[in-house]
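The chains referred to below are lettered A, B, ... by the order of the sequence lines, with proteins before strands, and numbering in each begins at 1. Keep in mind that this is a model prediction, so the values were computed, not measured.
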Amino acid sequence: MRIAKSSVFSAVIIISVFADLALIIAYALYPSIFLLVPTIAVVAVGAALSWREGKRLAVLAENAERAAEEADRRTAAAEALTVKLESVLRILAEQDAVCAALTDSARAARANLPNASPVADFLRAFIDTYPLPASAEIAKLRTIGKCGRLAEPLRFIEMKIPYVRELLTRVTAHSEAAVLLLSEKFTSILDKSGDTEREAKVALGALTSDVASERGLQAITRQIQETYRDGAQVVNEFLRINAENESRVKKLSTLVEESETLLHGIEEIAEQSKLIAFNLAVESAKIGKSGLGFKVICGELQRLNNQTLALSSNITTIIDSFKKNNAELSEQWLAKSRRLTGVIQGDQAKSALLEKELSDSQRIVSNLVSTVAASATSINQAISDILESMQFQDITRQQIESVQSFLKDMGNELAEVGTSLPDYGRSADERKMHQAIREKYGKQVKVSSDQEIFDLLPRRLK
Amino acid sequence: MTILNVDDSVTMRKIISIALKGKGYEVVEAENGRLALDMLPTTKPAAVILDINMPVMGGIEFLKELSKSPSYRSLPVIVLTTQGEDELRKEAMNLGAKAFLVKPFQKETLLETLQKVL
């Protein structure tokens, strides 16, 4: 209740005057001269006293008015502080949720990192240093109440904000460095995989070229197979001719034997003719002159027989020689022929095996190269997908920048709220709070001195 | 064929470069709109891939500057940004952008869009 100073003063004066008038009227009604002067004196004293009291009351009223104004001001400040505190608590809760989500994402990503990789080890160590401690402070604030001991916890939270902002900056920087390192490694693998894919496709093309093409392995294999088949035909022809020759040799031996038989027959005939010629000579001698013709004929016959026998003897000699040579030759030739046939047949078997193995190898190599080409294509696609997924680092970076801006605004709001509290930033434990924060969060942010943290604080708090 | 890749993120520039170089494009990079404008006369790109949120000069401002230049007014620009709001899309297209893609992008989509605008 506000009471105007002048109103109080006026009221006192008015009451005093009315009291004095009342006395005077009372005295007038009951005149008694010997009471007038003391009455007037009393009235005067009363008026003086009233005047002084009035002044004192006016001063009191003024003080009361000032106190009331002050109380109103403090009440309004407290109400404003309450509203701001509620918004700060809400912002802190949102920040806590965002930071918790970031922590969960980072920890989920950590679980999917490969085991044996220096880059993955670095990321794991980094993720393990994630802080994000706002919940305990928020709980403390909620239990404290709307007025009273807020300065210290508010100041504590405000001092932590630069650490969190700095940590978020380092999250962005470190994650960007890690992603760049990974992308360079994957790019290198992608290049090599691309080369492998191209070479595999070229090799596959060479393997599966058209039959008419001279460069295709299939064509070459087919040519080799045809060559082997042609060679086999030649060999078979050779073997057939060889077998025919063998039978001819045998037949020749048979003919030689038959010739010998004929010669024996001729010799027998010649011997018989000789005998006949002798008998004719004897008969011609008996006949006398008439038998002279017979004698000539006998002589000729005998000469013929002698020639025949001589010829037969020569032929026999030749045949014997031929037979001997033929036997030796045919024996050698047959032995060599049989050896060669054995070798050729062995080679044929090997060639057939080689042809089969060549055909199988060509099929295996074709399948292998197809598999390599397909694998290279799959690897390329997988690496491309991984590189695309690294876009999320940039998206996360932008979200972190939003959080940093958000924290900066929150820091400013806390500072604004805090300075309306009389003991804000003047706690005897200010230095201890600072030290506690540095010990708890300084390692994660890797701040090495108070000066660095001092530099991080908003200017108005320095 | 040269493509100018404008993005303040090193990671995004790397990813886009890998995608484009894989298809035989030459890629030059700028980390903000101001640098990109300075590079236009020397690099003579056939198209620009442009982010929106960048320091110094953002994508919208770059498009405005480009639209004022008779030499580069018709240069094909593909906007590639995390912000997919319709208002931003309309603003970019009104300023002359030929396409508007939202991150994260698919490599095939970017390459097809680039082929369409060239």
Query raised in the report: Nearest 0.5 Å, what's the CZ-OG1 distance between A:R397 and B:T82?
Result: 8.5 Å

Under 3.5 Å, which donor-acceptor pairs link side chains of residues 45-63 of chain B to any protein atom two or more places apart or in another chain?
| from | atom 1 | to | atom 2 | distance (Å) |
| --- | --- | --- | --- | --- |
| B:N53 | ND2 | B:Q83 | OE1 | 2.7 |

For residues 31-40 of chain B, which side-chain donor-acceptor pairs fall under 3.5 Å, sequence neighbours excluded?
| from | atom 1 | to | atom 2 | distance (Å) |
| --- | --- | --- | --- | --- |
| B:N32 | OD1 | B:R34 | N | 3.0 |
| B:N32 | OD1 | B:L35 | N | 2.9 |

Query raised in the report: Can you pull out the residues in residues 101-116 of chain B with any heavy atom less than 4.5 Å from chain A?
Result: B:K103, B:P104, B:F105, B:Q106, B:K107, B:E108

Query raised in the report: Do any of residues 1-22 of chain B have a heavy atom less than 4.5 Å from a heavy atom of chain A, and if so, which, in residue order?
Result: B:D8, B:S9, B:V10, B:T11, B:M12, B:K14, B:I15, B:I18

